[in-house]
Amino acid sequence: MAYFFSEPSHTFNEYLLVPGYSSSECVPSAVSLETPLVRYRKGETPALSLKIPMISAIMQSVSGDKLAVALAREGGVSFIYGSQSIEDEAAMVAKVKGCKAGFVESNSNITPDKTLADILELKEQTGHSTVAVTHDGTPHGKLLGIVTSRDYRVTRMDPSEKVSSFMTPLEKLITAPEGTFLKTANDIIWDHKLNSLPILDENGCLVAFVFRKDYDMHKSNPLEMLDKNKRYVVGAGINTRDYAERVPALLEAGADVLCIDSSEGFSEWQKLTIQWIREHYGEDVKVGAGNVVDREGFRFLADCGADFIKVGIGGGSICITRETKGIGRGQATALIEVCKARDEYFEETGVYVPVCSDGGIVYDHHITLALAMGADFVMLGRYFARFDESPSDKVNVGGTIMKEYWGEGSNRARNWQRYDMGGAKKLSFEEGVDSYVPYAGHLADGVATTLAKVRSTMCNCGALTIPELQQKARLTLVSSVSIVEGGAHDVVLHSTSKEV
């Protein structure tokens, strides 16, 4: 006879945190949200830790290179979606890694015989106002000058005017030789009040730029996720089919961490994928796995060597796996059981395997609940899809600005690898929908508001760190009537400001 779980599966919305004693030291500014991203042994420091407990979902409509940069600036990590060609995914990873090297390779280049119209077209394509003028129009050609927005006025110039006539020529530029340290380059920028400093090799060819805005940006984003070369940290999604080709390409592009993207991770396919990575790269390459919803699934992937494990099946806002296949589990119940298994595993082996809660987050306070229940961090799809930096388009739906958001199991994405169980290489039926989500502006603004709520709630619980929250948190199940009571009721609102 089938096994029946005695407890119903619950969602985050069925729980509340009960406040604990808060000392005078419990203020939001004192809260640290740093959390391990990958497994580590007792007494050791994790090879990778997040500054904030947020990563972005491995989805076409969520995790492109722009969102990866924006989230890394705030202290989180994006996982570039894998449902694209190996070359395209590797190119996205490389683009992120090239964005914050301190010494930035120029991606806006032009020859002196081009025109103002060409400059404007290039600016439209790249979004960058600094254009290098090289003899061959390549990033490493002989530098002849630069063009910035101060060098031309569209309203007073003919679009056919040659770049050579209005560029700032090399003899009027301040440059630095190859081998200049970043600190020295920044000192030159400040001493001469520059916006950019070209770095040239001994032959006068352009090596890179150092930009003032990168220095300013770092100062205003102290939680930035940077690698040892001051480049943004970025993750990448892989599947259990073409990993032998995809993994080397992603690592060559600079990916810091990988994650197997699958709707259900308690399978030999994931074991074989992790085994291949360990055989070829040892423990140096970090790879997450999942998704699972119980202790058996966690133990399986932990024993396979997964560096973190994702929890959740069918809880995503665009996921219809529970409807179509009848499998899954309430996100809160699944997370609580897996985190208990994580703690047992740590006691037995001395190895801590971080747990990621993936799906079921509707409101900001659900993030705090997930952390209190034991999650080390959360993976978010719908949340990040709403922002400017996500890859999807903004559309007007009934007078409201929305952003497109579709699941990897939808006909639009057709990510058969994510749902493949060794059968035909196709998506036999949909496990995701195509939808819209309300547009929410810039990622930085949204994340700041969300984390302000998380820090405030942690203070209500008397906790200044995530591990302390997990130790001190007291949670209570609530009735359906209590859920209604928790929102605005028995009043007529002037306006509606509903969290999304």
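All heavy atoms count here, side chains included; hydrogens, waters and symmetry mates do not.
Figure legend: R39 and F346 shown without cation-pi pairing, the cationic atom not lying both under 6.0 angstrom from the six-membered ring centre and within 45 degrees of its axis. Relative to the six-membered ring of F211, K213 meets both conditions, a distance below 6.0 Å and an angle of at most 45° to the axis.
Using bins of under 30°, 30° to 60° and over 60° for the plane-to-plane angle, the ring pair Y363/H365 lands in the parallel bin. Using cut-offs of 30° and 60° on the angle between ring planes, the pair F308 and F377 is perpendicular.
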- Show your reasoning for whether salt bridge (Lys or Arg N to Asp or Glu O under 4.0 Å) applies to E224 and K51. CA-CA 8 Å; E224 280 183 316; K51 302 293 181 61; over 6 Å; no
- Intermediate values then yes/no, salt bridge (Lys or Arg N to Asp or Glu O under 4.0 Å), D376 and R342: CA-CA 11 Å; D376 296 281; R342 185 266 321 277; 2.8 Å; yes
- Message: Go through it in stages, so that I can follow the logic: the residues are E344 and R295, the test is salt bridge (Lys or Arg N to Asp or Glu O under 4.0 Å), and I'd like the CA-CA distance, side-chain angles, deciding distance and then a yes or no.
- Response: CA-CA 10 Å; E344 293 169 3; R295 70 180 309 278; 2.7 Å; yes
- Message: K97 vs E105, test: salt bridge (Lys or Arg N to Asp or Glu O under 4.0 Å). Steps then yes/no.
- Response: CA-CA 11 Å; K97 298 305 289 186; E105 181 177 274; over 6 Å; no
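Ionic pairing of D388 and K394 is present here: one or more N-O contacts between side-chain nitrogen and carboxylate oxygen are shorter than 4.0 angstrom.
Of the N and O atoms on the side chains of E404 and Y436, not one donor lies less than 3.5 Å from an acceptor on the other residue. S56 and S63 share a donor-acceptor pair across their side chains, judged by distance under 3.5 Å alone.
Under the rule for a side chain to side chain donor-acceptor pair (under 3.5 Å), the partners of T126 that lie at least two apart in sequence or sit in another chain are S108.
Aromatic rings of F298 and F300 (six-membered ring for Trp) have centroids beyond the 6.0 Å cut-off, not under it.
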